[in-house]
Amino acid sequence: MSTRYNARAAEPKWQKLWEDRGTFRTPEPSGRPKYYVLEMFPYPSGRIHMGHVRNYTMGDVIARYKRARGFDVLHPMGWDAFGLAAENAAMEKNVHPKSWTYDNIAAMRTQLKAIGLSFDWDRELATCDPEYCGHEQAIFLDFLEAGFVSRRKSMVNWDPVDNTVLANEQVIDGCGWRSGAPVERRELTQWFFNITDFADDLLDGLDTLEHWPEKVRTMQRNWIGRSEGAKVFFALDGVAEAPDYKLEIFTTRPDTLFGASFCALSPHHPLTQKLAADNADLQAFIRKCDQIGTSEEAIETAEKLGFDTGLKARHPFIEGKTLPVYVANFVLMEYGTGAIFACPAHDQRDLDFARKYDLPVIPVVAPKDLTETARAAFVEELAAHSTDAFTGDGVAVNSDFLNGLDVMAAKRAAIEKLEAMSLGQGTINYRLRDWGISRQRYWGCPIPVIHCEACGIVPVPRDQLPVVLPDDVTFDKPGNPLDRHPTWKHVDCPKCGKPARRETDTFDTFVDSSWYFARFCAPKAGTPTVRAATDRWLPVDQYIGGVEHAILHLLYSRFFTRAMHRLGHVGLDEPFARLFTQGMVNHETYRDAAGKWLPPSEVAIETAGGKRVAKRISDGTPVTIGSIEKMSKSKKNTVDPDDIISQYGADTSRWFMLSDSPPERDVQWTDAGAEGAWRFTQRFWRLAAGADDIAPAGASRPESFDDAALALRRAAHKALDALTDDIEHLRFNRAVARIYELANAISGFVPANDAGKWAKREALEFMVLAAAPMMPHLAEECWAALGHEIPAVDTEWPVADKALIVEDSVTIAVQVNGKRRDELTVARDADNETVERAALALEKVGKAIDGKAVRKVIVVPGKIVNVVV
RNA sequence: GCGGACGUGGUGAAACUGGUAGACACAAGGGACUUAAAAUCCCUUUCGGGUAACCGAGUGCGGGUUCGAGUCCCGCCGUCCGCACCA
């Protein structure tokens with residue numbers, strides 16, 4: 001044996017062996033239980049980063065562990081390959097998005113393979129592959145036929161410089177994230193998935209996802225934002241062009257209608273727009289509202305502003321009463337109907353507005369159980385002075401037929417009355433919007449429809465799929481290259497044969513990632529999915545990824561699965577049975593004297609007088625050590641996995657990513673930590689491969705063991721048992737600690753006889769096999785050195801002997817008045833009386849009792865004795 | 001503002017359903033081996049007092065429940081995340 005473990009030589013060797021043997025190829029149905037492990041697939045940016053290493057290592061540990069436990073494992077990998085970055089690269093570096101993307105994929109595949117991940121590479125796919133696109137287009141056509149898709153005008157964020165639509169998250173402080181130009185609101189005809197039709201189902205489904213983080217479920221619940229209430233129609237006086245105009249509003253508090261003091265319209269409400277057409281003051285007001293901006297700060301400090309339209313709305317319940325109609329900056333067109341009725345007494349915003357414009361405040365709900373006088377005082381105070389609206393539960397007052405009812409009952413009664421009068425109806429409103437999927441981009445999956453003057457929207461016939469992107473495009477001009485391509489969009493209508501126009505918008509890339517998990521079940525099939533395959537593998541048993549996808553990707557995938565279920569592609573609604581969101585990888589930041597960010601590779605850290613001091617390696621100038629932040633290019637605090645792997649090996653990186661921090665929390669990358677992990681791989685190697693005082697492989701178990709050997713066996717079985725449980729629960733940092741414990745136990749053991757040698761081999765084999773999912777290459781190397789022909793990866797997971805885990809005797813703490821005074825070793829099954837007597841006999845206990853009368857003795861078997869005096 | 005998570009040594013963290021707080025690792029200090037260094041091995045390391053045995057304090061702060069609280073309850077303070085004029 002050489003004295004050093006050479007990861008650089010060993011790792012490729014074992015990777016090749018696994019590949020040659022087809023070890024990780026997904027098995028054909030075998031009757032064994034299945035397990036589908038999936039990590040969110042990456043965007044092929046060109047380089048793997050440490051976050052990927054962490055994410056994929058966690059998945060790999062599970063995949064390898066489940067494989068060893070006898071599961072048929074599906075563990076695929078692919079590429080979320082469409083997206084804007086490829087077009088930006090095309091513009092900046094003059095490379096074609098396609099070659100840029102596929103080159104990146106090739107580079108990243110090589111990097112991922114160097115980590116030794118147990119993917120079935122035969123199932124690899126990229127969402128930009130024409131086959132994948134074609135199947136996605138077929139699913140879209142299915143959705144279209146099934147009525148899950150619609151096409152309508154909607155307001156979008158339009159970047160006037162880049163000539164493209166921006167997603168909400170691409171708008172920063174009202175400007176395009178790339179161009180910096182102020183974003184315009186523009187009305188555009190767009191394709192939508194009717195996700196709101198599934199809103200209730202998506203909401204209810206969350207209750208079944210018990211193995212999802214509560215946090216993610218809450219976020220989705222809030223995002224869907226279901227609220228029950230009523231639509232109310234207010235007849236308007238003073239709309240000259242439409243005397244019968246009815247203003248439709250949404251409210252969750254129909255019980256407060258008797259407290260209404262005004263109505264308010266969004267600046268973007270159609271009626272507002274109509275009124276503004278010949279009203280310059282209103283136009284100016286609308287402009288003022290739009291200028292306030294969308295930053296959090298602006299919204300938080302924004303004053304309530306209103307513009308009196310002069311219109312009057314007729315109160316639905318009070319004959320002859322009218323309410324002024326304002327345009328107000330705090331009313332959003334995107335929510336509800338874009339118009340409200342305001343009850344200042346019971347809504348803070350309405351109250352702020354009413355106090356500012358001196359509108360009436362009419363309390364119609366009072367706290368329960370107030371005396372007559374107290375209630376009158378409450379009403380008086382709220383109406384006249386208070387600046388705090390009363391939003392709590394209570395009883396209706398000043399509300400005619402609602403008086404005396406509590407809020408819930410009053411809501412119901414109000415809705416009933418509105419419905420009877422045909423002035424409104426109970427309704428449910430969602431915050432969730434339909435999913436706009438049109439993108440005016442080149443590098444995406446083309447939407448497979450054709451626009452014909454005569455026939456309208458015509459789906460591309462299925463035998464003409466996939467609609468592929470043209471290669472000959474230019475990026476020298478802003479806007480969508482598909483749109484200005486000389487020939488691509490010109491096609492004959494499949495229905496009437498006349499010249500027609502291809503849809504030039506492409507899908508939002510979230511569409512691509514909404515079904516890839518289903519495609520992985522049968523990635524080569526001629527149909528988008530194969531039902532037998534999705535039935536066999538879905539749901540994904542363990543899905544792992546970052547929390548940043550808690551809402552969009554996961555919600556869209558849940559929607560897709562439901563829609564695909566109705567069409568028979570899959571047989572279930574929820575694609576991901578268990579979800580785990582892992583934390584980020586952080587690193588210290590460094591800046592030079594000029595405040596410029598420096599990468600860790602250019603900085604040397606020294607410890608002087610207990611303080612850490614940083615210097616620039618090149619010239620020794622001082623460097624400021626900054627805060628610990630998520631690794632990012634902008635702050636240059638990144639560590640390249642390739643560098644780490646070439647320096648220490650993949651197993652060291654994997655080990656370090658799993659140790660110390662709980663997987664759901666952020667982990668800090670430190671050089672010292674990485675070195676520590678590397679030192680341990682070496683120690684592990686010396687311990688396992690260098691052991692010359694162990695029994696031969698396959699030797700039968702001795703009849704008896706001396707105390708030291710028995711203690712080692714106990715330690716080994718205990719560590720194995722605990723580690724197995726830790727991996728089952730994804731507590732990788734604890735699993736790592738168990739390996740350290742076991743290694744420490746083995747290090748301190750010297751066999752005194754053959755039984756001892758046998759015990760040491762057993763412990764070493766446990767250690768190697770238990771570490772194998774985490775450090776697979778090192779484990780193989782050690783396993784072979786221990787004399788095994790069959791690779792560790794094909795060796796079954798060892799099972800701990802429960803009899804060895806339970807100790808015969810236990811050490812328990814003895815407390816006096818809850819304070820620990822001594823400890824006591826007793827037989828595991830000693831009865832309470834014996835334990836109590838032994839505890840009281842202890843010298844230190846007697847001293848602590850100090851002659852006082854013992855009032856009570858609590859004995860918790862196997863845990864503790866507490867003497868109360 | 002609303003919702004959620006969290007707060008434990010110099011550091012990352014353990015502590016299952018209330019039962020010996022600090023496992024395991026990093027860092028630091030000391031020692032062994034070596035001509036020397038690297039590597040390795042051993043020891044110390046929650047804080048305060050004491051040579052020591054030992055004593056006292058200790059899981060953000062203040063209360064409470066309990067024989068017993070890092071863990072449960074109430075009220076604060078702080079950090080992080082999500083949402084946000086949602087009618």
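The sequence lines fix the lettering, A, B, ..., with proteins before strands; numbering per chain opens at 1.
When the side-chain hydrogen bond (donor to acceptor under 3.5 Å, both in side chains) test is applied to Asp660(A), no partner is found at least two apart in sequence or on another chain.
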Practice prompt. Could you provide the dot-bracket string of RNA chain B, using ( ) for intrastrand pairs, [ ] for crossing pairs and | for bases paired to another strand, with Watson-Crick or G-U pairs below 3.5 Å?
Written response: (((((((..(((......[....))).(((((.......))))).((((....))))..(((((..]....))))))))))))....
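Comparing the same atom, P, in A5(B) and in G9(B) gives a spacing of 22 Å after rounding to whole Å. C6(B) and G12(B): their C1' atoms are spaced 16 Å apart (whole Å). Rounded to whole Å, the separation between the C1' atoms of G70(B) and U46(B) comes to 14 Å.
Among the heavy atoms of the strands, none lies under 4.0 Å from Thr670(A). Note on Asn733(A): only backbone sugar-phosphate atoms sit closer than 4.0 angstrom, heavy atoms only; bases stay farther off. Using a 4.0 Å heavy-atom cutoff across all strands shown, Phe250(A) reaches at least one base atom of the nucleic acid. Residue Val868(A) is in sugar-phosphate contact alone, with no base atom involved, counting any heavy-atom pair closer than 4.0 Å across all strands shown.
Aromatic ring centroids of Phe353(A) and Phe330(A) lie under 6.0 Å apart.
For Lys304(A) against C85(B), a side-chain N or O and a base N or O form a donor-acceptor pair under 3.5 Å.
For Lys630(A), the NZ atom is loosely surrounded, since the number of other residues' heavy atoms within 6.0 Å does not exceed 12.
Taking CG of Leu723(A) as the reference point, atom NZ of Lys718(A) lies at 15.0 Å (rounded to 0.5 Å).
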